[in-house]
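Take a look at the structure set out below.
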Amino acid sequence: LAKQNFRGTAVVFSAEHEAEISEQGRIQQALRAADFEQEMYLAFQPLVDTDTHGIFAYEALARWKSPSIGTVPPGIFIRAAERAGIIGKLTEVLMRKALEAAKTWPDHVRLSVNLSTRDVVSNKTVDALLDIIAESGVDPARLDIEVTETAVMRNFALAAENIRRFSERGIGVALDDFGTGHSSLSYVHKLPLTKIKIDRSFIVDIASNELSRSIVKTIVDLSRNIGCVCVVEGMETAEQVAVLRALGCRMMQGYYFARPQRLEDTLAYQAASDAILNASLRKTG
Ligand code: C2E
Ligand code: MG
Ligand code: MG
Ligand code: MG
């Protein structure tokens with residue numbers, strides 16, 4: 001294909017395009033052949049309560065190390081699993097692993113699990129997930145599912161119905177990456193939300209950008225008005241933490257506090273969390 005083109009740019013474009021397609025193909029092929037139980041694991045990132053300086057929850061984040069193609073980032077393999085039509089099975093395996101992990105933590109520490117766009121609109125996947133949760137022995141009231149705005153808006157009626165099924169079991173519902181999707185405030189109160197997660201993109205320039213600050217302030221106030229816990233993600237500096245505290249946000253997640261970590265390390269982190277979080281939060285003034 002590349003040979004037929006005369007112009008350098010076209011050749012480059014076409015070669016890149018081909019490379020991208022074959023990369024996608026390779027990933028999907030490796031995914032289809034993957035033993036999820038063996039190759040998939042979770043990293044856990046704490047959500048910190050900056051009032052109590054305690055760990056409020058851990059978010060489970062999927063990791064894949066394929067023996068054939070190596071480490072692939074979740075942003076890539078989750079999409080590939082959706083395209084390959086095997087995301088439901090993957091989410092089920094990850095949910096099971098996440099619940100097992102939560103059993104090793106104290107009962108007051110919550111667990112957050114991400115669902116993909118496809119999961120939320122699949123009655124079959126939701127049935128399976130509810131069974132897995134019920135059989136796990138973990139109190140459903142300790143669990144939150146995270147769904148993105150984009151997922152919900154794609155098929156609102158079906159997504160809302162499935163989200164309600166989680167909610168009826170006492171499971172919390174977090175709206176993830178808030179502010180980045182096709183936002184329509186009119187649907188927010190039609191969902192049984194318990195948590196709103198403000199996307200990292202609003203935090204990056206929060207210390208210098210007045211507009212970001214006022215958007216975040218609006219979301220923090222909205223969360224309070226509809227009775228949701230507000231969480232900001234992507235906190236990387238003491239300055240950002242101080243600004244967010246001043247805007248009335250209490251729950252935070254980000255590299256400033258901790259990177260996603262292996263299960264073994266969550267236990268050590270919890271043991272040391274008083275000292276770690278006190279030291280981090282002292283710097284924020
Ligand atoms: P997300 O659910 O919004 O997760 C937060 C992402 O931000 C994570 O990336 C996390 O490592 C990263 N992050 C946290 N704090 C910071 C920070 O201070 N700075 C920066 N730069 N990044 C930070 P990760 O683990 O690469 O996951 C990316 C996305 O992939 C997730 O975004 C989520 O949409 C998706 N994902 C991850 N695990 C799963 C899963 O099990 N199921 C599904 N459906 N999606 C998942
Ligand atoms: Mg998430
Ligand atoms: Mg998020
Ligand atoms: Mg995000």
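A quick note: this is a predicted structure, and the numbers were derived from the prediction, not measured. Every number for a ligand or one of its atoms is a count from 1 in the order of the listing.
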Given that the side chain starts at C-beta and the backbone is N, CA, C, O, which of these parts of Leu94 lies under 4.0 Å from ligand 1, counting heavy atoms, or is it both or neither? side chain
Arg250 pairs by side-chain contact (heavy atoms from CB on, under 4.5 Å) with which of Thr50, Val220, Leu244? Thr50
Would you say Glu233 reaches the Mg ion (ligand 3) with an N/O/S atom under 2.8 Å? yes
If the cut-off is 4.0 Å to any non-hydrogen atom of Leu115, which atoms of ligand 1 fall inside it? 44 (N)
Ligand 1 to Met235, heavy atom cutoff 4.0 Å, flagged ligand atoms 18 (O)
Atom indices of ligand 1 within 4.0 angstrom of Glu233 heavy atoms, with elements: 3 (O)
Among the N/O/S atoms of Glu59, the Mg ion (ligand 2) lies closest to OE2
Side chains of Trp105 and Thr266: donor-acceptor distance under 3.5 Å anywhere? yes
Can you confirm whether the side chains of Thr91 and Asp119 place a donor and an acceptor under 3.5 Å from each other? yes
Using a heavy-atom cut-off of under 4.0 Å, does the side chain or the backbone of Arg63 touch ligand 1, or both, or neither? side chain
Gly234: heavy atom below 4.0 Å from ligand 1, yes or no? yes
Indicate the atoms forming the closest heavy-atom contact of Glu82 with Thr117, along with that distance. OE2-N, 3.3 Å
Taking only Lys NZ, Arg NE, NH1 and NH2, and the carboxylate oxygens of Asp or Glu, determine whether Glu100 and Lys103 approach each other closer than 4.0 Å. yes
Taking the basic N atoms (NZ, or NE/NH1/NH2) and the acidic carboxylate oxygens, is any pair closer than 4.0 Å for Arg224 and Asp221? yes
Which residue from Ile145, Asn114, Asp199 reaches closest to atom 40 (C) of ligand 1 through any of its heavy atoms? Asn114
Six-ring centre of Tyr41, Arg262 cation under 6.0 angstrom, axis tolerance 45°: yes
Going by the 4.0 angstrom heavy-atom rule, the piece of Pro260 near ligand 1 is side chain
Ligand 1 to Glu236, heavy atom cutoff 4.0 Å, flagged ligand atoms 17 (C), 18 (O), 19 (N), 20 (C), 21 (N)
How about Thr148: does one of its N, O or S atoms come closer than 2.8 Å to the Mg ion (ligand 2)? no
What residues join Val229 in its hydrophobic cluster, counting side-chain heavy atom gaps under 4.5 Å, either direct or through other members? Leu47, Phe56, Val231, Met251
The Mg ion (ligand 2) has as its nearest N, O or S atom from Asp176 the atom OD2
Tell me whether Ile78 has any N or O atom under 3.5 angstrom from an N or O of ligand 1. no
Backbone, side chain, both or neither: what part of Gln45 comes under 4.0 angstrom of ligand 1, heavy atoms only? side chain
Which of the N/O/S atoms in Glu146 sits closest to the Mg ion (ligand 2)? OE1
Ligand 1 and Tyr256, any nitrogen or oxygen pair closer than 3.5 angstrom? no
Given that the side chain starts at C-beta and the backbone is N, CA, C, O, which of these parts of Asp176 lies under 4.0 Å from ligand 1, counting heavy atoms, or is it both or neither? side chain
With heavy atoms only and a cut-off of under 4.0 Å, state how Arg259 meets ligand 1: side chain, backbone, both or neither. neither
Leu129 reachable from Met40 in the ILVMFWY side-chain graph, under 4.5 Å edges: yes
Salt-bridged, Arg164 to Glu161, with N to O below 4.0 Å? no
Check Arg26, Glu23, Gln29 against Ile69 for a side-chain contact (heavy atoms from CB on, under 4.5 Å) and give me the one that passes. Arg26
Hey, could you give me the CG/OG1 distance between Asn162 and Thr125, rounded to the nearest 0.5 Å? 9.0 Å
One finds that the ligand 1 atoms under 4.0 Å from a non-hydrogen atom of Ser116 are 44 (N)
Hey, which atoms in ligand 1 end up nearer than 4.0 Å to a heavy atom of Ala62? 37 (C), 38 (N), 39 (C), 40 (C), 41 (O)
